[in-house]
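Order of the sequence lines fixes the chain letters, A, B, ..., with proteins taken first and strands second; residue numbering starts at 1 for each chain. Computed from a prediction, not measured in an experiment: that's the story for all the values here.
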Amino acid sequence: MGWYRDNCRQLPWRRDTALYPVWVSEVMLQQTQVKTVIPYYLKFMETWPDLEDLAAADLETVLKAWEGLGYYARARNFHKAARIVVRNLGGIIPDDYKGFKNLPGVGDYIASAVLSIAAAKPHAVVDGNVKRVLSRLLCVETPVNHSAAHKAYKAIAETFLYEKDPGTYNQALMELGALVCTPKRPDCAACPLAEACCAREKQVTDLFPRRMAKKKVPTVHIAAGIVRKNGKVLITRRKLDGLLGGLWEFPGGKVEPKESPEQACIREIREETGIKTGNLQFLTRVFHAYTHFKIEMDVFFCDYISGRVTLNGPIDHKWVHVDQLYQYPFPRANLKFMELITIVVCK
DNA sequence: AACTCGGGGCA
DNA sequence: TGCCCAGAGTT
């Protein structure tokens, strides 16, 4: 705790420890590094300073603010939770564990983090940092990426919980993991727990935390088309659940075996939107990695030929001017060639 | 209990 | 390149 007081970073969400701003930060910080979150957090709080503001916003606007941050279900769930609090709970965020965790997108980590930091409730957090620190401190053999890990580390974290100031205890443990007890080359010389650390004493910090082997991720070939018609281009909106739910994209899909990217592009656009396209012109190839697979996407300009849009898969579509594309939330893989479109079209 | 869900920082 | 990150929901 003393180490934390002297060494903690000055982060934007540490300025206001009310429930809402802490909640915003914890949702964004889920599986996302501090450095990445900072600009998103500042802009989000500026746009929606209070829960009521967020509840009144369109989902689409919230997704736009989340664009590039990933795990878009976080934004959808948080937005939904804000509306539940305003509509059903009188605008009061529950400050008890059961009531708060019941909200969509709030699991054990967020409930424990928000309530300990913003309401001094005695709940220990378990995140990647905490698991790493405790694993080394006690030479815990439970692999941190195993299903049983959360429960095991939660029990350990609770035994050490400092109930007089659980928020600082939790943040101190996480900060220690982020700054000192790092995944690679931990700085044991700077660690306040060094004397008590099992892994350091045995010189095996690089063997902890234990981790189960990961699977390799396959690569998928994708073809996407920028369909032009009367100076506008076609974009479609993905269904709200699943991968990249609710985001807009250029229509396309998987290139089947024995099929050329051009054929796949025309076929996928016809299947998804019902329209016929042709006169394909290669624009670029984009590489992008997701958690469970990688994609190689060939992007084509296409001309609209015939047919009316009848959606099969996407939940919406629009013909938009290239200058208006920035208004819609797109996946990163699409943003990678967005600027190129403008350059080519204007030429 | 296993699988799905983004994107970036970093060695 | 591969690893890992202030995890939660679904199956």
Side-chain angles (χ1 to χ4, degrees), chain A residues 4 8-9 11-14 22-41 63 66-78 80-81 100-114 116-117 123-133 135 143-151 153-154 157 167 169-179 181-186 206 209 211-217 219 238 240-247 249 286-295 329-336:
Chain A
Y4 177 75
C8 71
R9 292 167 289 182
L11 299 172
W13 44 89
R14 288 185 173 151
V22 174
W23 189 5
V24 173
S25 72
E26 295 300 348
V27 174
M28 288 188 171
L29 285 162
Q30 186 186 330
Q31 294 297 103
T32 310
Q33 297 190 348
V34 165
K35 190 181 218 173
T36 306
V37 167
I38 290 174
Y40 283 91
Y41 174 82
L63 285 172
W66 215 269
E67 181 185 57
L69 200 52
Y71 283 139
Y72 299 95
R74 293 183 295 177
R76 300 195 304 271
N77 284 328
F78 189 29
K80 190 186 296 181
F100 188 53
K101 186 174 175 298
N102 202 32
L103 294 166
V106 179
D108 175 63
Y109 169 79
I110 289 186
S112 301
V114 172
S116 66
I117 294 168
H123 301 283
V125 303
V126 176
D127 73 330
N129 291 306
V130 171
K131 282 190 280 194
R132 187 171 56 254
V133 171
S135 169
V144 289
N145 58 342
H146 189 271
S147 335
H150 183 82
K151 200 173 173 183
Y153 287 94
K154 177 90 177 178
Y169 163 82
N170 283 329
Q171 293 188 83
L173 216 47
M174 292 190 282
E175 197 80 342
L176 190 64
L179 300 181
C181 195
T182 48
K184 291 170 186 175
R185 299 176 54 84
D206 55 328
R211 185 170 290 280
M212 311 220 318
K214 285 184 179 177
K215 296 177 192 171
K216 287 190 177 176
V217 297
T219 297
R238 299 175 64 93
L240 290 176
D241 57 325
L243 184 69
L244 306 168
L247 299 194
E249 66 181 0
V286 167
F287 297 87
H288 193 74
Y290 293 94
T291 309
H292 297 286
F293 62 97
K294 301 175 186 178
I295 63 169
F330 284 91
R332 195 55 116 191
N334 278 216
L335 294 176
K336 284 180 176 175

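Residue-to-nucleotide proximity on DNA chain B shows that, of A:R74 and A:K215, the 5′-proximal contact is made by A:K215. Map A:K35 and A:L243 each onto its nearest nucleotide of DNA chain B; the residue landing nearer the 5' end is A:L243.
The salt bridge (Lys or Arg N to Asp or Glu O under 4.0 Å) check on A:R332 picks up nothing, with sequence neighbours excluded. Residues forming a side chain to side chain donor-acceptor pair (under 3.5 Å) with A:E175 (at least two apart in sequence, or on another chain): A:R9, A:R14. Applying the salt bridge (Lys or Arg N to Asp or Glu O under 4.0 Å) rule to A:R185 yields no partners; only residues at least two apart in sequence or on another chain are considered. Annotation: ring pair (Phe, Tyr, Trp, His ring centres under 6.0 Å) contacts of A:Y153 (sequence neighbours excluded): none. When the salt bridge (Lys or Arg N to Asp or Glu O under 4.0 Å) test is applied to A:K154, the partners found at least two apart in sequence or on another chain are A:D108. Evaluation of the side chain to side chain donor-acceptor pair (under 3.5 Å) rule for A:K80 yields no partner, not counting sequence neighbours. A:Y41 pairs by the ring pair (Phe, Tyr, Trp, His ring centres under 6.0 Å) definition with A:W13, not counting sequence neighbours.
At a threshold of 4.0 angstrom between heavy atoms, the contacts of A:L244 are confined to the sugar-phosphate backbone, with no base atom among them. A:R185 comes within 4.0 angstrom of nothing in the nucleic acid, heavy atoms only. Using a 4.0 Å heavy-atom cutoff across all strands shown, A:K294 reaches sugar-phosphate atoms only and no base atom. Counting any heavy atom pair closer than 4.0 Å across all strands shown, A:G245 reaches no nucleic acid atom.
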Produce a footprint string for nucleotides 6-11 of chain C: one letter per nucleotide, 5' end first; B if the base is under 4.0 Å from any protein heavy atom, S if only the sugar-phosphate is, - if neither. BBSS--
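Distance check on atom C1': B:dG8 versus C:dG9 gives 23 Å, rounded to whole Å. Comparing C:dA6 with B:dC3, their P atoms sit 25 Å apart, to the nearest whole Å.
Smallest separation of non-hydrogen atoms from A:V130 and A:D127: N-OD1, 2.8 Å.
Two residues are said to be in side-chain contact when any heavy atoms from C-beta on lie closer than 4.5 Å; A:Y109 and A:E26 meet this criterion.
Running 5' to 3' along DNA chain B, contacts with non-hydrogen atoms of chain A at under 4.0 Å begin and end at B:dA1 to B:dC10.
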